[in-house]
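Residue numbers count from 1 along this sequence. Read the numbers this way: they start at 1 and go in the same order the structure lists the ligands and their atoms. Predicted model, so just to flag it, every value in this text is computed and none were measured.
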Amino acid sequence: MRALQLTGPGTLELREIPIPEIGPAEVLLRVGAAGICHSDSYVLSLPFAMREDPLTMGHEIAGTIEAVGSEVDGLAVGDRGIVYLCWSCGVCRECVRGRENVCLAAGRTAMPPCPGLGPDGGMAEYVAIPANSFVAIGDELDFAEAAPLADAALTPYHAIRGAMDQLQPGATAVAIGIGGLGHVAVQILTAVTPARVIAVDIAQDKLDLAADCGAALGILATDETAARILERTGGRGAEAVFDFVGTDSTAALAVQVVAPDGAYRMVGLGGGVPGIDAGPAGGPGLPWGATVRKSYAGTRSDLAASVELAQRGKVRVEVERFALEEGRTAFERLDRGEIRGRAVLIP
Ligand SMILES: [Zn+2]
Ligand SMILES: [Zn+2]
């Protein structure tokens, strides 16, 4: 089969490799589509290899079951679904509480094994997955639009669900960065909360996309952005700020515009440092009562809810389709900020 593999630092190659064998608790998925995430791009930019042997990338996977392991119950050849990306242990205290994204087996700051970022992922014709990571999507959803639900919907859904107390009628939510995750976040906020959504991005076409997704207002990221958001929120700021970029400048913006008792959620993994201080009243920093949460992926139940929103037509991922052979071009376009929504590879 063909697979898009990371074969060395910064080297992406389309290679011919054997179809993976499956274990007794696994299923083999014939990949219908695989999304490209900024974290894939980040991994590609690392000066060292993620794994010694070539790694098939791709953690947003949709497809059809082609073969079922001997111990797997309840799944059948031909079932359509997507892949839950936290391949967590399933038995630790956090997993059994339904908090698989913070599985104890992963350690304090690591993440549970994730396809395409450790085990082989979905940028290939076939992928072997743990049977319990398969989430059925029924017959209606298109694979290209379903695959990104695995991260681009799951991750914002989880961050938003954790800020529901702040997202009451009359509240304002700010979404920074209207890429793959951001444009889905605007739709989720619109579907499940009464909050008014303000979108922030460096590009006008991304703000146009946010408007199509339900944002009430788009603000270009400039030196004036914080002032404009404060102006629109009576000087108090936004009850929830979701940063899908996570650089120093977006982190600084989030701190400046989150309201007292508001929720600042770091989602994008840009490595930014928010510069939170423990100073007294009157400073420019974090207001009283605001909470900061570094949000990672989501739970299995968050993914089920994301799929349901898509099935009900409340969330629709905007996708640009590429053949597996065009993988490198798709990555380059993503890095240049030219993708509207999500880039998706079709093997
Ligand atoms: Zn991702
Ligand atoms: Zn666990």
Side-chain angles (χ1 to χ4, degrees), residues 4 6 12 25 31 33-46 50 55-62 82-123 127 129-130 132-133 135 144-159 177-185 188 242-246 265-271 294-303 306 317-320 327 330-331 334-335 339 341-345:
L4 198 58
L6 185 67
L12 200 58
V31 178
I36 305 182
C37 179
H38 273 289
S39 9
D40 298 320
S41 199
Y42 169 73
V43 166
L44 201 55
S45 75
L46 292 173
M50 284 287 283
L55 165 70
T56 304
M57 301 193 76
H59 55 268
E60 289 185 342
I61 313 164
I82 60 174
V83 179
Y84 177 54
L85 56 72
C86 298
W87 291 1
S88 44
C89 80
V91 294
C92 75
R93 191 181 68 218
E94 296 301 342
C95 280
V96 298
R97 287 174 72 197
R99 293 156 43 109
E100 305 90 343
N101 59 323
V102 290
C103 171
L104 292 181
R108 199 173 81 86
T109 60
M111 60 192 202
C114 174
L117 297 170
D120 280 327
M123 294 183 187
V127 61
I129 61 164
N132 68 1
S133 71
V135 176
E145 291 176 19
L149 297 174
D151 182 6
L154 169 76
T155 302
Y157 186 92
H158 180 71
I178 309 301
L181 274 67
H183 89 288
V184 178
I188 296 171
F242 301 95
D243 181 1
F244 298 106
V245 183
R265 300 295 179 254
M266 304 163 85
V267 187
L269 305 175
K294 189 168 166 178
S295 193
Y296 173 68
T299 67
R300 215 176 274 273
S301 134
D302 293 327
L303 185 57
S306 302
V317 184
E318 182 77 23
V319 294
E320 284 191 37
F331 271 91
L334 176 66
D335 290 342
I339 300 292
R342 204 53 143 177
V344 172
L345 298 174

Worked check of side-chain contact (heavy atoms from CB on, under 4.5 Å) between Glu94 and Leu104:
CA-CA 6 Å; Glu94 296 301 342; Leu104 292 181; 3.8 Å; yes

Any idea which N/O/S atom from Asp151 gets closest to the Zn ion (ligand 1)?
OD2

Can you tell if the side chain of Cys103 reaches within under 4.5 Å of the side chain of Met111, non-hydrogen atoms only?
no

With the side chain counted from C-beta on, respond yes when Val319 and Glu145 share a heavy-atom pair under 4.5 Å apart, and no when they do not.
yes

Just wondering, is there an N, O or S atom on His59 that's nearer than 2.8 Å to the Zn ion (ligand 1)?
yes

What angle sits at the Zn ion (ligand 2) between SG of Cys89 and SG of Cys95, to 10°?
120°

Measure the spacing between CG of Asp243 and OG of Ser295 and express it to the nearest 0.5 Å.
11.5 Å

